[in-house]
Amino acid sequence: MPILTKDTLEFISRSPDQTLRVGARLGRHLNGGDILALEGDLGSGKTVFAQGIGMGWGASSRLVSPTYVLVRRHRRHQDALELYHIDLYRLTTAAEVEMLGLEEVIGAPETVSLVEWPERHMGLFPEDRLWVHLRILDEYRRSLVFRAQGDRHQALLNQFRQELLGL
Ligand SMILES: Nc1ncnc2c1ncn2[C@@H]1O[C@H](COP(=O)(O)OP(=O)(O)OP(=O)(O)O)[C@@H](O)[C@H]1O
Ligand SMILES: [Mg+2]
């Protein structure tokens with residue numbers, strides 16, 4: 001059931017495929033500078049959701065889990081935008097984060113950022129962002145709660161809500 005407050009939207013997915021499709025609907029609205037923080041336990045569906053986003057956005061390469069690579073960059077053919085799929089799970093120290101230059105990437109004007117385990121390094125995130133909480137309900141059901149923080153991502157959430165629910 002959707003939570004009908006201005007800055008929040010809740011969606012219950014009933015299958016990996018549905019999570020992909022919801023991701024795709026969000027992905028087609030993403031622009032340079034957009035930031036999606038994907039927070040949730042192991043196996044909650046962050047990567048599946050990110051893959052759907054990549055499909056909707058039109059990434060030329062398929063998104064796979066960045067758990068071991070930490071950062072993967074994707075492009076699409078129609079413009080110069082880049083999509084960064086980042087996993088902070090294994091990044092333990094601030095020095096490692098600095099070495100990867102993530103501060104310059106997240107929120108950059110030509111860049112869309114999808115970040116798994118964002119809570120590991122909160123300092124990387126500007127105030128304006130879309131926070132997504134994924135929660136395991138049972139084997140196949142996942143709760144996805146979207147919370148817009150800041151005007152830019154409120155506008156994005158509004159578009160997404162319209163796309164998803166026609167509201
Ligand atoms: N409704 C659903 N939505 C998404 N994934 C689901 C759903 N139901 C079951 N699954 C399964 O849950 C798993 C989600 O894996 P995924 O790699 O996306 O998790 P993750 O949150 O990225 O984990 P990690 O923290 O290890 O990166 C997959 O095996 C997928 O098939
Ligand atoms: Mg993952």
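Counting from 1, the numbers follow the sequence of the chain as shown. As the structure is a prediction and not an experimental result, all values here were calculated from the model.
- Side-chain polar atoms of Gln51 and Thr47 form no donor-acceptor pair below 3.5 angstrom.
- For Asp151, the CG atom counts as loosely surrounded, since its 6.0 Å shell holds 12 or fewer non-hydrogen atoms of other residues, nucleotides or ligands.
- Within 6.0 Å of atom CZ in Arg147, 12 or fewer heavy atoms from other residues, nucleotides or ligands are found, so the atom counts as exposed in its surroundings.
- Side-chain contact check for Ile35 versus Asp128: every heavy-atom pair is 4.5 Å or farther apart.
- Using the six-membered ring where Trp is involved, Trp131 and Phe125 have ring planes that are perpendicular, over 60° apart on the 30 and 60° scheme.
- In this structure, Arg76 contributes its side chain and Gly58 its backbone to no donor-acceptor pair below 3.5 Å.
- For the atom pair Gln159 CD and Leu164 CG, the distance stands at 13.0 Å (nearest 0.5 Å).
- Here OG of Ser13 is found 12.0 Å from OH of Tyr140. Values are rounded to the nearest 0.5 Å.
- Gln154 places a side-chain N or O within donor-acceptor distance of the main-chain N or O of Lys6, the cut-off being under 3.5 Å.
- Contact check for Val145 versus Thr8: side-chain heavy atoms found under the 4.5 Å cut-off.
- A distance-only check finds a donor-acceptor pair linking the side chain of Gln18 to the backbone of Arg14 [under 3.5 Å].
- Distance CD/Glu39 to OG/Ser44: 9.0 Å, rounded to 0.5 Å.
- A salt bridge does not link Arg90 to Glu96: none of the charged side-chain nitrogens sits closer than 4.0 Å to a carboxylate oxygen.
- Here the CG atom belonging to Leu63 is positioned 6.5 Å from the CG atom belonging to Leu114, to the nearest 0.5 angstrom.
- Under the side chain to side chain contact (heavy atoms under 4.5 Å, CB included) rule, Leu91 has a single partner from Ile86, Leu102, Val71, which is Leu102.
- By the 4.5 Å heavy-atom criterion applied to side chains, Val112 and Glu82 are not counted as neighbours.
- Annotation for Glu127: atom CD does not count as buried by contact number, only 12 or fewer foreign heavy atoms lying within 6.0 Å.
- Taking the six-membered ring where tryptophan is involved, the planes of Phe160 and Phe146 are perpendicular, since the angle between them exceeds 60° and thus also 30°.
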